Amino acid sequence: MTSSILYNFVLSLARAQALSVRQWNLSSSAKTFLEVEHTCLLMPIAGKKGFPDLPVVVEDELDEQFVRGRGPGGQATNKTSNCVVLKHIPSGIVVKCHQTRSVDQNRKIARTILQEKLDVHYKGENSEIMKQKQEQQWKKQEKKRKAKDNLERKRQFKDILEVSSDVTEVKK
Amino acid sequence: MQGKIFFGCRVSLVSCFRAQSRCHNRSDRATFHWAASLTAPNKNLCRLVHETMTGANCVTHWQRIFEQNGISEPQYSSEHIISHVLGGKTIHSLAEKALTRPLTVEQKQMIWNLCSKRLQHVPVQYVIEEWDFRDLTLKIKPPVFIPRPETEELVSLVLSELAEEEDVLFSVGKTRWQNSQQAAHPLFLEIGCGSGAIVLSLLHFFKQSRAVAVDKSPEAVELTRQNAERLCVQHRLQELQLDVLSDSQKLTRICGLVDVIVSNPPYLFHEDMSGLMPEILKHEDHDALDGGADGLDVIKAVLQLAPTVLKDHGKVFLEVDPRHPEMIQNWLQERASLRLTYRATHWDICGKPRFCVLQRS
């Protein structure tokens, strides 16, 4: 209940994205508008890496704590603490975030971090983060192998050159 | 500068010694020079000019001084001020190198000046003259009201309700397309704009929207304008200095009809004002807080103004005291002529009923 505003906002962003697609189509021609289907763009709650296949975070499974002091809150309090503690009840994973000076931003970042942690938790080896790490490692290995091959090829070419210059000398 | 010692100034030595001994534990035999600053406003402060002071040990040093002087949030205050001087928004945004390299004299001077202000219970936001609100960074200047975290949720609420509306309009079909074009960039009226946090967040999100922002305080109107310029939305915003309690007709004339009224009006009960923390009581504009005996003075004025400036089906979004949702509903029951329907109460992140949504029928 307490986090329902944020949840609704994120959902509405997804709809707004879909909306912007429709609006763009609208401005091009009325006929196109009639023909456009409602494309529901997936709104990945964007983290830095922008993984598309992260698990969906269900707000009802979250317990969010924001310490506002014992006072009445709102206009009656002026505190700079904006640490958000997010607990995912089914898995027990807890994320703490105080990266920014905005509570709203911290709540969003906490959810992104939670998504990534849930991904690792549920999928383990197959999680997006692990996949990305593996891909990076593979790329690194590929690069090394190619460099090695290139070096080998250059060495062979050099040998051939030496041999052919020997031959021309002998001929003379 | 470092070698001078000033005599003849009243200096609070006790706290100096305590702070000094703690610093000693952390430093590597650095020598100390005491200099009572002749420029600091309060001559009771002792300024330590430590030869090898870093950001990190400054944070600890000032945290202790704040604790000893009963300043609220000693650690956060110290971190926010020092990271601001070092160019970061939060202590976490700074690299370890930035926090462990020696501070320049200018940096030390700046830190000392700013922290001295904090010792007077000046709110951190006034000390560093800026604060973040959602994804915006705003300039903040006393005595203009400092945006509270709850109000970030008010903006989220407005955005999510407007997005839902658009969705409904679109799904109804082609015949409503004209209306929905207008709804795609709603016209806003904010009453009590303060630093401009709410209205500027809305203009930042709705790139083609326009807004009118009203405040009783000339400083607030000026600050909103400055923030609008920093965010490059000033051409879509009209600011008015106006008191809705006395000049509502003037507002109606200038404003025209809007889609949304949004407000975080002064809503504290007058009897609660004296119990406020010194940061608020001594430094923020009381007119931005005091809502009269029942906290509803300005809220009632906003609701009475609504029929004259709201389009059909236009909405009013308010941030209020937790006691208000029920009081407002009761008050509305006797005022059917306003043609305002109470739509919903929403709770804030601390679980308090904080936001009211009303609609013109």
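Quick caveat: nothing in here was measured; it's all calculated off a predicted structure.
Ring centroid separation for the pair B:His324 and B:Phe269 comes in under the 6.0 Å cut-off.
Top candidate by heavy-atom pairs under 4.5 Å with chain B, chosen from A:Gln105, A:His98, A:Arg101, is A:Arg101. In terms of heavy-atom pairs under 4.5 angstrom with chain A, the leader among B:Gln125, B:Glu319, B:Glu279 is B:Gln125. Chosen from B:Pro266, B:Pro123, B:Pro147, the residue pairing most often with chain A at heavy-atom distances under 4.5 Å is B:Pro266.
Of the atoms belonging to B:Phe355, it is side-chain heavy atoms, and not backbone ones, that fall under 4.5 Å from chain A. Interface remark: B:Ser93 contributes no atoms to any contact with chain A (heavy atom separation under 4.5 Å). Within the 4.5 angstrom heavy-atom criterion, only side-chain atoms of B:Ile146, from C-beta onward, approach chain A. Proximity to chain A is absent for every atom of B:Thr151, based on heavy atoms less than 4.5 angstrom apart. For B:Ile280, the part lying under 4.5 angstrom from a heavy atom of chain A is the side chain only. For B:Asp135, the parts lying near chain A are the backbone and the side chain together; criterion is any non-hydrogen pair under 4.5 Å. Contacts between B:Pro265 and chain A at a heavy-atom distance below 4.5 Å involve the backbone alone (N, CA, C, O). Heavy atoms closer than 4.5 Å to chain A are found in the side chain of B:Glu284, but not in its backbone. Interface remark: B:Asn264 contributes backbone and side-chain atoms alike to the contact with chain A (heavy atom separation under 4.5 Å). Within the 4.5 angstrom heavy-atom criterion, only side-chain atoms of B:Arg354, from C-beta onward, approach chain A.
Taken to the nearest 0.5 Å, the CD atom of B:Gln120 stands 12.0 Å off from the SG atom of B:Cys115.
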Task: salt bridge (charged side-chain N to carboxylate O under 4.0 Å, His left out) between A:Lys87 and A:Asp63, intermediate numbers included - done: CA-CA 5 Å; A:Lys87 183 177 177 184; A:Asp63 176 37; over 6 Å; no
- [ ] Under the salt bridge (charged side-chain N to carboxylate O under 4.0 Å, His left out) rule, what do A:Asp159 and A:Arg155 come out as? Steps first, then yes or no, please.
- [x] CA-CA 6 Å; A:Asp159 289 343; A:Arg155 211 180 295 133; over 6 Å; no
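Counted by atom type alone, B:Ser201 and B:His204 present zero donor-acceptor pairs between their side chains at under 3.5 Å. Between the side chains of A:Gln137 and A:Gln141, not a single donor N or O lies within less than 3.5 Å of an accepting N or O.
Dense packing is recorded around NE2 of A:His121, with more than 12 heavy atoms of other residues, nucleotides or ligands lying under 6.0 Å away. Residue-environment remark: CD (B:Glu326) stays at or below the threshold of 12 foreign heavy atoms within 6.0 Å.
A:Lys139 and A:Glu135 are joined by a salt bridge, as a carboxylate oxygen and a charged side-chain nitrogen come within less than 4.0 angstrom of each other.
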